[in-house]
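Got a structure for you, questions after.
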2 protein chains.
Amino acid sequence: MAGRAVKIAEVASAAGVGVGTVSRVLNGSPQVRDETRKRVLAVIQQLGYRPSRLASGLALGATRSVAVLVPFMTRPSVVGRLAGIVAVLDAEGFDCVVCNIETAEQRDRHLRGFADLHRVDGMLVVSIPLHQGQVDAIAATGLPLVLVDADAPGVPRVVIDNVAGGMLATDHLLALGHRRIAFIGDTSRRGMGFLSNARRLEGYRRALRAAGVTPAPELVRRGPHGGAVAGSIALDLLQRDDAPTAIFAASDTQAAGVLQAAKKVGCRVPRDLSVIGFDDVETAELLGLSTIRQPLARSGELGARMLCSLIRGDPVPAGRTTLPLELVRRTSTAELVTRSRAPTLVSAS
Amino acid sequence: MAGRAVKIAEVASAAGVGVGTVSRVLNGSPQVRDETRKRVLAVIQQLGYRPSRLASGLALGATRSVAVLVPFMTRPSVVGRLAGIVAVLDAEGFDCVVCNIETAEQRDRHLRGFADLHRVDGMLVVSIPLHQGQVDAIAATGLPLVLVDADAPGVPRVVIDNVAGGMLATDHLLALGHRRIAFIGDTSRRGMGFLSNARRLEGYRRALRAAGVTPAPELVRRGPHGGAVAGSIALDLLQRDDAPTAIFAASDTQAAGVLQAAKKVGCRVPRDLSVIGFDDVETAELLGLSTIRQPLARSGELGARMLCSLIRGDPVPAGRTTLPLELVRRTSTAELVTRSRAPTLVSAS
DNA sequence: ATGAAAGCGCTAACAG
DNA sequence: CTGTTAGCGCTTTCAT
């Protein structure tokens, strides 16, 4: 069937023209007589000629492809960003090479690997903190780099203000009269030092202090990311005598776990407990979960668009581009009502 | 900084060897004196030499990359498969080019595009039905092809038995005494003719018939995929006089919507309503949703592994490889109890 | 408008 | 063990 691959020279001689002309036809150059073009096209069709991407790439010095590094690619928030990236790259005609980074080893290997010449035309790093040394190494190769949901001085990047987000969530609960507010976040994994979580916690603390509430250490909990884990943390929290009246979970996935835990112990949301999440993924809407919405897909689209510009040599906003956050109030948060058990101590400063 | 790229010839002369030797060092050939190797490596290091992927690929006739076509990449079930694929390809040293296919136009464009010579070494099509003509066209190019969760005669593929899955779910509900069982599935979108849903429905019908129950047309509903839509369908169903006592949703996402709808109308699960889903994604566990588990990640891993074998020229199981399904019983299904409202008519044949 | 020829940077076969 | 050389298939001046 598929005989030896037919190459441009064969097309050329079969059409009675030079390879140059065939190449011009292939690339839509206007300077080819219409008749000639037709003839060449016909031959291409007939011979089943398919150009070699590798060869043209080598001649052109570009791959028309981009690398995207993401951590934990099964998390809805990451998928949301990735979807935005993939859509833009597709529209811009770039192939999108996706790498899932679960360990520091993988991160380092791929960071090095994509620095290879002519492997990709640019790189997008999503939600993975980079050391200065890593950034410098990439810069030294001249590989265009854009960060999404990660910070590193001097690199074009699109981020959100996680501290502000933490404050937004906490302020919402405070405004509803809550004072015993717990925080459930996740521990950064495998030595990659993820920071968004810590920042949201920082926002939580700041908001409490600003409201004159002393953050209670026993109400700040962290564990491996995941709904189930968050649920069991919540369970523990809710069974205390001085249980919180509200919980701020650092992601919707974790908030969903909290909701489930509440249900399990007969704690009614939002009557007995207010819960707020972060991200606004699909589940949040489905569960009626109040949350802090961040534009996930848009962050990906924006980052991808910036990278494309960088590759083309077009100007790009230097440094950080910050996307807006928004409180989405649904039915998981409500005003504090005095609970049926012993009145809760309010810790005020 | 990044001066003109240094190429292999410069490394060779700087190290006082021929380019052949440098190439051998690069590719870990054993037939290089250790001392020579060290010298070359040192020069490479010092000059900051980075090999050109494009050039070596052209010489080798391979790209070391694979295309993956997926539909609706934000759906958890798809992400699960994709994660499996990405993991295996990474381990095997292939770059994974991901395309999200939302329309028939995108599907056709990419199917054609990846047939280009030397663009990728192989292609993985996930959950997208292919016409015979499309399969033939790809076969004619000689591009290695593997299907995951899709069927097409003659192509190596990994699938599940959706009919059996539908029966498994329905039988579970029947065994619990339910007779008025509704089905909520989704309509195939944008002319791509997805079939899993129809097959699950077919399984539902077969199981009912086998149990002597006549499928009630008014209990079979389909709508665009998504939790919210499924929820409103369920709402409608539950407000009927002859509401179903159990609902089989063709995906966990839709089942989650059903759960939410039930809650909204004060219908208690599983006391007043049993609900079963399909897939077993993370949410299912979190919600205590009974479901039919299919090995999502594993299907991706297997498919990817098969493709790698195909590329290497190793033998691969011909035709279809069917993965097992499993009923996972959680807390959303229970034995039928007579409901408080007017006794439900049981339709039996 | 088009043909000829010089790369693009690497690998592998061949000769030593 | 190692140097030399001929491709890999396309793009692009440079003439004409």
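Computed from a predicted structure; not experimentally measured. The chains referred to below are lettered A, B, ... by the order of the sequence lines, with proteins before strands, and numbering in each begins at 1.
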Spacing of E10(B) atom CD relative to dC10(C) atom C1', expressed in whole Å: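 Answer to the nearest Å: 14 Å.
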From the candidates dT2(C), dT2(D), dT11(C), the one with an atom nearest any side-chain atom of Q31(A) is dT2(C)
State plainly whether the residues D121(B) and R64(B) are in salt-bridge range, i.e. N to O under 4.0 Å.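 R64(B) and D121(B): not salt-bridged.
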Whole angstrom is fine here: how far is it from CG in L117(A) over to P in dC8(C)?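 Taking CG of L117(A) and P of dC8(C), I get 13 Å after rounding.
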Mark yes or no for whether N27(A), through its side chain, and S23(A), through its backbone, hold a donor-acceptor pair below 3.5 Å.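 Present.
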Output the rounded distance in Å from CZ (R39(A)) to P (dA1(C)).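 Checked: the CZ to P distance equals 15 Å.
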I need the CD1-P distance between I8(A) and dT12(D), as an integer number of Å. 11 Å
Separation of atom CZ in R53(A) from atom C1' in dC8(C), rounded to whole Å: 17 Å
Has Q132(A) got more than 12 heavy atoms of other residues, nucleotides or ligands less than 6.0 Å from its CD?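 Yes, because the 6.0 Å sphere around CD of Q132(A) holds more than 12 heavy atoms from other groups.
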Using a cut-off of 4.0 Å on non-hydrogen atoms, how would the nucleic acid contact of G20(A) be classed: base, sugar-phosphate, or nothing? base
First encountered from the 5' end of DNA chain D, between R24(B) and A55(B): R24(B)
Check the distance between dG9(C)'s P and H118(A)'s NE2 and give it to me in whole angstrom.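 Taking atom P of dG9(C) as the reference, NE2 of H118(A) is at 6 Å.
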Any donor and acceptor pair, going by atom type alone, linking the side chain of R24(B) with main-chain N or O of G20(B) inside 3.5 Å?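 Pair found, side chain donor or acceptor close to backbone of G20(B).
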Run through S77(A), S127(A), S299(A) and flag the one making a side-chain hydrogen bond (donor to acceptor under 3.5 Å, both in side chains) with D149(A). S127(A)
So if I take every side-chain heavy atom of L26(A) and compare against dT11(D), dC10(C), dA12(C), which nucleotide ends up nearest? dT11(D)
When the nearest nucleotide of DNA chain D is assigned to V19(B) and to T36(B) on a heavy-atom basis, which residue is associated with the more 5' position? T36(B)
Does dC10(D) have its OP1 or OP2 closer than 4.0 Å to a side-chain nitrogen or oxygen of S23(A)?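 S23(A) to dC10(D) OP1/OP2: no side-chain N or O under 4.0 Å.
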Hey, does L58(A) reach any base, or is it just sugar-phosphate, or nothing, if we go heavy atoms under 4.0 Å?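 Here L58(A) touches the bases of the nucleic acid.
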What contact category does V22(A) fall into here, base, sugar-phosphate, or nothing, at under 4.0 angstrom with non-hydrogen atoms?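 The answer is nothing, as V22(A) stays clear of every strand by at least 4.0 Å.
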Whole Å only: how far is the CG atom of L54(B) from the P atom of dC10(C)? 11 Å
Which of dC8(D), dG3(C), dA12(C) is nearest the side chain of T21(A)? It is dG3(C)
Write down the distance between CZ (R33(B)) and C1' (dC1(D)), rounded to a whole number of angstrom.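 The answer, rounded to whole Å, is 7 Å.
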